[in-house]
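Quick notes on the structure that follows.
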Amino acid sequence: MNCVKAVRDYVTKMITDTAGMKVMLLDPDTTPIVSMVYAQSEILQKEVYLLESIKQTAREVMTHLKAIVFIRPTQSSIDALVAELKRPKYGQYDIYLTNVLKPSQLERLAEADEHEVVREVQEFFADYLALGPQLFNFNLTGVVGDDPRRWHPEYYDRVQQGLLALLLSLKKKPVIRYQESSPQCKKLAQEVGGMMSREASLFDFRVSTDIPSILLVIDRRDDPITPLLNQWTYQAMVHERLGITNNRVDLSKVPNVGKDMKEIVLSSEQDEFYQRNMMLNFGEIGENIKSLVDEFQQKSKANEKLETIADMKNFVENYPQFRAMSGSVSKHVSVVGELSRQVDVYDLLTLSETEQELVCQGKHTEMVQNIKQILASQKLNDDDRLRLVMLYAVRYENSSNSSLRTFVDTLEQQGVPHAREKIDRLLDYAGARSAGRSSDLFGTRGAAGLLKKVTGGLKGVENIYTQHTPLLAATLDQLAKGKLKDGPFPFVDRQYREKPQDVIVFMVGGCTYAEARTVAQFNDTNPHMRVLLGGTAVHNMKSFLEEVRTSSAGK
């Protein structure tokens, strides 16, 4: 199960099945789908002369070229394609849709093809964003509709179509289970099951196996802790502190960043260093970069003392030839340099230690004192102040001697925008009394789990705490042992209680890179079970709070 390979294979087949020089016409949905699995330079090497938008009408007529059209079958994209076919700019059109084409849409295309330029129309089920081999999403935030028990109508259609495409691209006809406490999960699971039955011919893969795959649909609200925490593994930390959108990171606001580093791509498929290091902790990343810089120093006979990440950043800027030798490593020096700056400026080590103790093993009285001291610090930014109090709110919302009111008053006095409103919304969305949360996040943990101290070898990257484990880890463990209970996780139609081989976990309300790491670790230690993770979005704290804000459960 490799969703990057599935999408890439589709794109490769489109390109290679059309001989000669061609242009590729995409829409706003398929542009990122393609760019996530293929670098533009790589596509251009395969006789693709141009990459254009189907909705850009001011294109030159080039009838000597053939057109590969790859779009989602949405109303606006079909309209654009109909207009294109009525006045064709290319000599031949091979049309590929990311999902099932309605008969009425096919009829419109046939009527528009007056010049008989269409050679073929096919459905290639690449209707999702493949962020990595075992991670996909739909970039949708705010999936709850006007009623907290219902989906946003537009988003619901997108998600169920995308999930069906994922299953078809991977050639899976799974047994479906869902989180019973979530109306959204139940509706999605039952609809996907119904579509599999109605489109039985599409799911006839002629592959016999005694061990069916599992699609498990769960709700973000069951674990509001993971997207609120600061992260210390590379990929998750970059997303939390800088933000990753479609594998791209905007560094334009980073102090003293080079002109060629304003926006960078972090792709495990196109960046070997990132692939090897994305799941490692921050200290290890610094050590691995330092090893490469040391190697260059030996070759170039440069002799500079490099002890900190800032030293390495300055070295790379002063030796442009290092960039040529190191390939993509220089961009990671810029990223790690900015992360290191934020660790120091915002005192993230102290903050993160308290976060971890708070959600894992801290005693209430000690936690209240620690939080008071941290909130008094001048180093924290507003987001981190809010983050800490939100974690306290979720952890101790039912405590008889809760200090939440005091902390909220402090945030308001410090000018943190809409702090009280945001915390109230969070508790409505995913608090202990929320209808969407069924797990007892803290009741069974107690003092479980020893504090792990991850120390990097570089100065300024020490005492990193990574104690917290996402709730997903326990769910996967129960599933692997065949102990995931039917009550909280019922089946749709057919049942299967043996240990599964292939599992697709889809999180309504969005997953996180921390959970993607949990899945990667699970796959490494459980060779007889493969897990693929997906979500409506991949959250950091900011996008998760936007998810909470747009949920009517918090209005």
Side-chain angles (χ1 to χ4, degrees), residues 225-243 249 254-255 277-290 306-313 332-363 366-392 394-395 407 410-411 414 416 447 449-470 512-514 517 540-542:
I225 293 297
T226 299
L228 288 175
L229 288 168
N230 268 299
Q231 301 296 328
W232 290 96
T233 54
Y234 190 37
Q235 183 183 48
M237 190 178 186
V238 171
H239 190 40
E240 186 58 42
R241 304 308 305 190
L242 301 174
V249 181
V254 171
N277 291 276
M278 57 194 280
M279 301 292 183
L280 299 182
N281 74 68
F282 187 49
E284 290 175 303
I285 301 298
E287 279 298 304
N288 291 341
I289 292 177
K290 186 175 185 298
L306 304 177
E307 288 190 339
T308 68
I309 291 172
D311 291 341
M312 287 192 294
K313 189 170 183 291
H332 294 287
V333 173
S334 295
V335 172
V336 173
E338 171 58 15
L339 294 177
S340 181
R341 185 190 71 84
Q342 291 195 23
V343 168
D344 179 56
V345 169
Y346 302 124
D347 198 13
L348 295 185
L349 296 176
T350 302
L351 173 65
S352 186
E353 179 180 354
T354 301
E355 290 175 14
Q356 295 290 322
E357 291 177 353
L358 175 61
V359 301
C360 294
Q361 64 177 16
K363 295 180 180 179
E366 295 177 1
M367 286 296 97
V368 169
Q369 294 304 314
N370 289 348
I371 293 171
K372 284 182 179 178
Q373 292 177 9
I374 291 175
L375 290 180
S377 169
Q378 298 300 311
K379 280 193 166 186
L380 262 66
N381 63 24
D382 286 350
D383 286 342
D384 287 329
R385 295 178 192 278
L386 181 63
R387 179 200 310 275
L388 187 59
V389 177
M390 282 184 160
L391 289 168
Y392 176 86
V394 176
R395 178 70 174 87
F407 292 149
T410 299
L411 293 181
Q414 293 173 334
V416 177
L450 297 175
L451 193 64
K452 295 180 181 178
K453 188 177 182 182
V454 184
T455 305
L458 287 170
K459 293 180 180 179
V461 189
E462 299 171 348
N463 301 321
I464 298 172
Y465 299 103
T466 56
Q467 184 182 1
H468 174 260
T469 300
T512 66
Y513 283 117
R517 183 173 184 262
N540 54 18
M541 175 188 160
K542 287 184 179 179

Without swapping roles, check the side chain of [X] against the backbone of [Y] for a donor-acceptor pair under 3.5 Å.
X: Glu355; Y: Asn230; answer: yes
X: Lys379; Y: Asp344; answer: yes
X: Gln414; Y: Leu375; answer: yes
X: Ser377; Y: Gln373; answer: no
X: Glu284; Y: Asn281; answer: yes

Should [X] and [Y] count as side-chain neighbours, where that means a heavy-atom distance under 4.5 Å?
X: Leu386; Y: Met541; answer: yes
X: Asp383; Y: Tyr346; answer: no
X: Leu351; Y: Asp347; answer: no
X: Tyr513; Y: Asn540; answer: no
X: Val335; Y: Val254; answer: no

Please round to the nearest 0.5 Å and tell me the distance separating atom [atom1] of [X] and atom [atom2] of [Y].
X: Arg341; Y: Leu339; atom1: CZ; atom2: CG; value: 10.0 Å
X: Leu391; Y: His468; atom1: CG; atom2: NE2; value: 9.0 Å
X: Asn277; Y: Asn288; atom1: CG; atom2: CG; value: 4.5 Å
X: Met278; Y: Gln235; atom1: CE; atom2: CD; value: 3.5 Å
X: Ser340; Y: Ile285; atom1: OG; atom2: CD1; value: 13.0 Å
X: Leu388; Y: Ser352; atom1: CG; atom2: OG; value: 10.5 Å

| CA sep, side-chain torsions, deciding dist, call: Met279, Thr233, side-chain contact (heavy atoms from CB on, under 4.5 Å) | CA-CA 6 Å; Met279 301 292 183; Thr233 54; 5.8 Å; no
Nearest heavy atoms of [X] and [Y], plus distance in Å:
X: Glu240; Y: Arg387; answer: OE2-NH1, 3.0 Å
X: Thr226; Y: Gln231; answer: O-NE2, 3.4 Å
X: Tyr392; Y: Ile371; answer: CD1-CD1, 3.6 Å
X: Arg385; Y: Val416; answer: CD-CG2, 4.1 Å
X: Val368; Y: Phe407; answer: O-CZ, 3.8 Å
X: Met367; Y: Thr354; answer: SD-O, 4.2 Å

| field | For Tyr234, the option from Arg517, His239, His332 that meets side chain to side chain donor-acceptor pair (under 3.5 Å) | value |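 So, applying the side chain to side chain donor-acceptor pair (under 3.5 Å) to Tyr234 and each of Arg517, His239, His332, only His332 qualifies.
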| Just checking, any donor-acceptor pair under 3.5 angstrom between side chains of Glu338 and Gln342? |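 Present: a donor and an acceptor within the cut-off.
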| task | Start with the C-alpha gap between Asp384 and Arg241, add the side-chain angles, then the distance that decides, and say whether salt bridge (Lys or Arg N to Asp or Glu O under 4.0 Å) holds. | result | CA-CA 11 Å; Asp384 287 329; Arg241 304 308 305 190; 3.2 Å; yes
